[in-house]
Amino acid sequence: MNVEIINTGSELMLGRVLNTHQQWLCRRLADLGHVVTRQVAIADSGPAIQQAVREALTRADLIITTGGLGPTSDDLTRELIAELLGKKLLKSPEVQAHIENFFARRKRPRPEKTDTETFVPEGAEFFLNATGTAPGLAMKITDGSWKFGDEVGISPSTIYHLPSPPVKWLVMLPGPPRELRPMFDHQVVPLLKREFADEMYVCHTLRTTGLGESRVQELVAAGLQPLVMRGLGVGYCARPGAVDVRLTGGGNRAAALVREGAAIVQKILGENIFGFDDDEIEAVVVERLRAQRKTLATAESCTGGLMASRVTDVPGASEIFLGGVVSYANSAKEKFLVVKSSTLERFGTVSEPVAREMALGAREKFGSDFAIAVTGIAGPAGGSAEKPVGTVFIALASAEGVAVKKFLNVWDRATFKQVTATQALEWLRQVLSA
Ligand code: ATP
């Protein structure tokens, strides 16, 4: 099956917005077994959008466009595609009611311009937008049931003839990621499962931490080899502080094959597996703390609040997260976490005793069951022979006492922060799982 993505938006062409839809949709589709065959980004201009869709229709079974469904004058995708396919736009009372409700709930008058979003191409399915107003649209295109609306007058070199198979789907999604992502997961995926059932395959990801990508491969490859011979696909994906092992398979034996593979990986990597598929360490930590009715506080120096940010990204974090201190300066460590000035002077800011006192201070100040503290040297400057750039101390305080671990995370600053936060949260996850 051929899948093509068309990302629209002049801001993409100007480099003002990073085209994250390309990566996000490709990944989601690949996890469903549909590897994207072509992707193009184009400006919001009539000829560019129609030309791209026209060309994609000659090759693809599934075309996904992103952007241009909103109410402003540069949002033209719906109109241009309807025009291209010779479909009328019909007002949908259901979409209108949804948009009216969207504004009523926010106690704001509905802007007249949103009228354009209530129009749906004749025969199209629509996805009501759970986090915005413009609905997504899906058009089933069957051979003979459509023609290009403007074929007359187009030069012969730009007329394309549809090959079989006859059924294609064209899905249009809104541009904002917070609208596109839930719509894809909750509304487009069911459509794909319904319409492309024969093409679906099984994909299961085991998420690991604490080991590098090559080490993970070294450990599991031999064990998986007999299954690979029977058709199991194995992929590895390194992320800051984590490595994913992706197992895939097609056909009616796929589920059993992937299950067998997952059992082997789990046996070998056991403790290093923190979750599956889209699980994030922080979500697992929040879930475990909630289940155990325990609370958490953070004391962060070199991660600048990233741990607290990641924990509070998880819905329901308020039940377990009491608060955090970003104690970047020594004075803040002393003032808010009661770290002793003598400890700072004697051992230095980045040291085991300081990490220990930070964690104890946070636990005491917040009155939490657990407190995690981090202090380290992100670099690029500030290292020494004894404490090179990348040195990090992570402390974990609980009713059992306090323990400190030392790591060496030699990365750029942004990756350093992510890796360090992952290590700290992973440690807590392990303690909560024990
Ligand atoms: P709106 O109702 O906001 O106008 P829309 O469906 O018309 O939505 P666009 O106007 O094309 O979508 O894009 C809205 C915003 O979504 C952009 O300003 C940008 O921030 C984000 N966006 C659009 N396309 C992408 C993309 N490919 N990757 C990441 N973000 C994007």
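For the numbers below, each heavy atom of this structure counts, side chains included, while hydrogens, waters and symmetry mates do not. Throughout, numbering of the chain's residues begins at 1 and tracks the sequence. We count ligands from 1, going down the list as the structure has it; atoms in each ligand are counted the same way.
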Between ligand 1 and G67, is the shortest N or O to N or O distance under 3.5 Å?
no
Pair K113 + D75, salt bridge at N-O below 4.0 Å:
no
Among G9, G175, G136, P177, which one has a heavy atom closest to atom 23 (C) of ligand 1?
G175
Heavy-atom distance to atom 19 (C) of ligand 1: which of N7, T133, V17 wins?
V17
Any side-chain donor-acceptor pair under 3.5 Å between Q217 and E213?
no
Ignoring hydrogens, what is the shortest heavy-atom contact between Y236 and V220? Give both atom names and the distance.
OH-CG2, 3.5 Å
Quick test of your reading of the model: are E260 and R230 salt-bridged, counting only N-O distances below 4.0 Å?
yes
NZ/NE/NH1/NH2 to OD/OE distance under 4.0 Å, E125 and R194
yes
Salt-bridge present (E11, R16; N to O < 4.0 Å)
no
Considering distance alone, does some N or O of N19 sit under 3.5 Å from an N or O of ligand 1?
yes
Please determine, by modelled atom types, if E179 and N129 share a side-chain donor-acceptor pair under 3.5 angstrom.
yes
Passes side chain to side chain donor-acceptor pair (under 3.5 Å), K417 versus T303? Steps please.
CA-CA 5 Å; K417 287 168 74 178; T303 43; over 6 Å; no
For ligand 1, which atoms have a heavy atom of P174 less than 4.0 angstrom away?
6 (O)
Closest approach of any protein heavy atom to atom 26 (C) of ligand 1, naming residue and atom:
H21 CD2, 3.2 Å
Salt bridge check, E117 against R78: does any charged N sit closer than 4.0 Å to a carboxylate O?
no
Taking distance alone, with N or O pairs closer than 3.5 Å, would you say G70 contacts ligand 1?
yes
Applying a 4.0 Å heavy-atom criterion (strictly less than), which segment of D75 is in contact with ligand 1: side chain, backbone, both, or neither?
side chain
Where ligand 1 meets L18 - atom numbers and elements under 4.0 angstrom, heavy-atom basis
28 (N), 29 (C)
Classify the contact between L12 and ligand 1 as side chain, backbone, both or neither, using a heavy-atom distance cut-off of under 4.0 Å.
side chain
Would G68 count as a polar contact of ligand 1, with the cut-off being nitrogen or oxygen pairs under 3.5 Å?
yes
Measure the shortest side-chain to side-chain distance between T116 and T118 over non-hydrogen atoms and say whether it is less than 4.5 angstrom.
no
For atom 17 (C) of ligand 1, which protein heavy atom lies nearest, and how many Å away is it?
E11 OE2, 3.3 Å
Pull out every atom of ligand 1 sitting under 4.0 Å from any heavy atom of P71, numbered as shown with elements.
2 (O)
Given that the side chain starts at C-beta and the backbone is N, CA, C, O, which of these parts of Q22 lies under 4.0 Å from ligand 1, counting heavy atoms, or is it both or neither?
neither
To which protein heavy atom is atom 8 (O) of ligand 1 closest, and what is the distance rounded to 0.1 Å?
P176 CD, 3.4 Å
For T20, is at least one N or O under 3.5 Å away from an N or O on ligand 1?
yes
